[in-house]
Amino acid sequence: MNRPTGLWPQEEARFLPGEGPHPTTPVAETKGSAKDFISLVVPFYNEGEGVRYFHEAIVPIMEQIPGIVFEVVCVDDGSRDRTLEFLLEVAESDSRFRVLELSRNFGKEAALTSGIDAARGDAIIPIDADLQDPPEIIPLLIEEWRKGAEMVLAHRSDRRSDTFMKRKTAELFYRLHNRLSNVKVPENVGDFRLMDRVVVDSLKQLPERQRFMKGLFTWVGFRTVSVSYVRKPRKTGSSKLSAWKLWNFALEGITSFSTAPLRVWTYIGSIGALFAFFYGSFIAVRTIVFGVDVPGYASLLVSILFIGSLQLISVGVLGEYIGRIYIETKQRPTYIVRKVHQKTQDGRPSM
Ligand code: UDP
Ligand code: MG
């Protein structure tokens, strides 16, 4: 048992000695050769009409891959429409589909984490429910994996289906993030990828509650290759990630993987102090040489306002980090599972 990040039914968020969220030596074990069990992890949030399309699209593709057994872990992330009902219908008719019902909407990152924790495959592929990540390239991912890659990234060679604003802000985010952080998140790579069991087990050892998955995926490392694809428009429904959510997501990414915004204030402060020193000296010399002139309220006010606002910004930056420390110290689980819906061989639902 190693589920440091979520709370499952009847399971306490405590750990037995030696299995805790802080292993002393996180060693990833490489497994034997028989690799044939693939888990797809799919977060669903108000994707009602998308469920059927997803099922219809994914099954034929997975079935035609030779030598593969698969399961689909569908996470219902507190949907308010009929998503859960449709998911249960699918799971009832197809025992390869398991449904994880979260107790409320926890957001995509938490939903993914819960699905990854529940997945049992030798390799795990997180994929969006809206079919924007084309299932047709799953065979390519598996091929690379069989050749020995531990992580196979699906790289979006074309994001024309996203709006101009989304493309530009995404580009800016990646550039800023990678400049500030030591963990370089590959550009135009989403959560859609294949991860070997060793990668997943390492990922599960990361105890943080606020999970910027793209950063964590990169942080764990491992032998990585990538495959390109063209991102398509959504099949049904509309995007669940508003501009405000994406902005918070970007802040999450940067503050999770970089302390540069904290350190930069030392330099800004030093430069300001140096500037103030020279300016002060200049005024002193000028007063000695030319005597007192008309007092300048304007320059005084401007400098006070300027320094004041710099201080407010830096307090705000400190606040961002302290807020995150506060949330982490509470040690709340990333998600709560209300129920796992799964059909066993004899037709009875388990758990
Ligand atoms: N999603 C989720 N919880 C949320 C928001 C989104 O599980 O709070 C799921 C959503 O159902 C979809 C995936 O995350 O399967 C990607 O969401 P979306 O398509 O809205 O994002 P976009 O493709 O616009 O970036
Ligand atoms: Mg989408």
Side-chain angles (χ1 to χ4, degrees), residues 5-6 39-58 72-87 90 97-119 124-135 137-138 154-156 158-174 185 187-193 209-214 217 229-250 252-253 334-338:
T5 50
S39 296
L40 299 180
V41 173
V42 201
F44 286 83
Y45 177 52
N46 294 345
E47 301 282 358
E49 65 272 49
V51 174
R52 193 167 46 90
Y53 288 116
F54 181 80
H55 182 242
E56 279 168 10
I58 214 81
V72 182
V73 181
C74 304
V75 182
D76 173 47
D77 187 15
S79 299
R80 278 184 292 267
D81 64 354
R82 298 171 67 192
T83 303
L84 181 65
E85 184 187 325
F86 292 138
L87 281 175
V90 169
F97 280 65
R98 285 200 288 154
V99 180
L100 227 65
E101 187 189 339
L102 300 190
S103 61
R104 64 168 171 87
N105 177 245
F106 281 90
K108 187 185 175 189
E109 307 296 292
L112 262 187
T113 306
S114 70
I116 290 173
D117 287 349
I124 293 183
I125 304 177
I127 179 169
D128 281 1
D130 55 12
L131 295 173
Q132 279 195 292
D133 305 329
I137 78 155
I138 292 176
H155 176 260
R156 299 171 196 165
D158 179 355
R159 293 183 63 142
R160 240 175 290 167
S161 66
D162 286 332
T163 61
F164 178 77
M165 264 305 277
K166 187 156 180 179
R167 282 202 309 261
K168 281 292 154 207
T169 45
E171 191 185 318
L172 203 73
F173 165 72
Y174 283 116
V185 174
E187 206 166 318
N188 290 331
V189 173
D191 297 318
F192 185 37
R193 60 184 68 209
R209 317 279 141 168
Q210 293 175 297
R211 303 182 77 76
F212 179 63
M213 295 307 271
K214 275 193 256 250
F217 288 151
Y229 75 98
V230 176
R231 189 149 171 92
K232 292 188 291 192
R234 244 176 183 275
K235 185 107 185 158
T236 56
S238 58
S239 177
K240 310 292 180 297
L241 301 171
S242 62
W244 179 243
K245 269 194 193 169
L246 285 173
W247 163 251
N248 282 313
F249 188 55
E252 187 79 51
T334 311
Y335 57 84
I336 296 173
V337 178
R338 178 183 291 131

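Both counts, for ligands and for their atoms, begin at 1 and track the order of listing.
You'll find the side chain of Phe106 stays beyond 4.5 Å of the side chain of Thr113, heavy atoms only. Phe249 has its side chain within reach of Lys214: a pair of non-hydrogen atoms, C-beta onward, lies under 4.5 Å apart. Residues Ile58 and Val42 form no side-chain contact, since every pair of their non-hydrogen atoms from C-beta on lies 4.5 Å or further apart.
Formation of a donor-acceptor pair under 3.5 Å by the Asp81 side chain with backbone atoms of Gly48 is found in this model. In this structure, the side chain of Ser39 does not engage the main chain of Ile124 through any donor-acceptor pair within 3.5 Å. Within the 3.5 Å criterion, the main-chain N or O of Met213 finds a donor-acceptor partner in the side chain of Glu109. Checking side-chain atoms of Asn105 against main-chain N and O of Gly78 turns up no donor-acceptor pair under 3.5 Å.
The single protein non-hydrogen atom nearest to atom 19 (O) of ligand 1 is Asp130 OD2, 2.6 Å, given as residue, atom name and distance. Ranking protein heavy atoms by distance to atom 23 (O) of ligand 1, first place goes to Gln132 OE1, 2.7 Å. Scanning all protein heavy atoms for the shortest distance to atom 3 (N) of ligand 1 gives Asp77 OD2, 2.6 Å. The single protein non-hydrogen atom nearest to atom 7 (O) of ligand 1 is Pro43 CB, 3.3 Å, given as residue, atom name and distance. With hydrogens left out, the protein atom closest to atom 6 (C) of ligand 1 is Lys240 CB, 3.8 Å, a heavy atom. Nearest protein heavy-atom neighbour of atom 25 (O) of ligand 1: Lys166 NZ, 3.0 Å. Protein heavy atom closest to atom 18 (P) of ligand 1, with residue, atom name and distance, is Arg234 NH2, 3.4 Å. Ranking the protein heavy atoms by distance from atom 14 (O) of ligand 1 puts Lys108 CD, 3.2 Å first.
Of the candidates Leu100, Thr334, Val41, Leu100 is the only one forming a side chain to side chain contact (heavy atoms under 4.5 Å, CB included) with Ser114.
Distances under 2.8 Å from the Mg ion (ligand 2) pick out the protein N/O/S atoms Asp130 OD2, Gln132 OE1.
Taking every non-hydrogen atom of Ala129 and a distance limit under 4.0 Å, the qualifying atoms of ligand 1 come out as 15 (O). Below 4.0 Å from some heavy atom of Tyr45 lie the following atoms of ligand 1, by number and element: 1 (N), 2 (C), 3 (N), 4 (C), 5 (C), 7 (O), 8 (O), 11 (O).
Arg193 meets the side-chain hydrogen bond (donor to acceptor under 3.5 Å, both in side chains) test with no other residue; sequence neighbours excluded. In terms of the side-chain hydrogen bond (donor to acceptor under 3.5 Å, both in side chains) criterion, residue partners of Glu85 (sequence neighbours excluded) are, by chain and number, Arg82. Partners of Lys108 by side-chain hydrogen bond (donor to acceptor under 3.5 Å, both in side chains), not counting sequence neighbours, listed by chain and number: Asp128, Asp191.
Centroid-to-centroid, the aromatic rings of Phe44 and Phe54 come within less than 6.0 Å.
Residue-environment remark: NZ (Lys245) exceeds the threshold of 12 foreign heavy atoms within 6.0 Å.
Only the side chain of Glu47 comes within 4.0 Å of ligand 1, judged by heavy-atom distances. With a 4.0 Å heavy-atom cut-off, ligand 1 is reached by the side chain of Asn105 but not by its N, CA, C or O. At a heavy-atom cutoff of 4.0 Å, ligand 1 is contacted by the backbone of Phe44 but not by its side chain.
For Ala111, no nitrogen or oxygen atom sits less than 3.5 Å from a nitrogen or oxygen atom of ligand 1, counting backbone and side chain alike.
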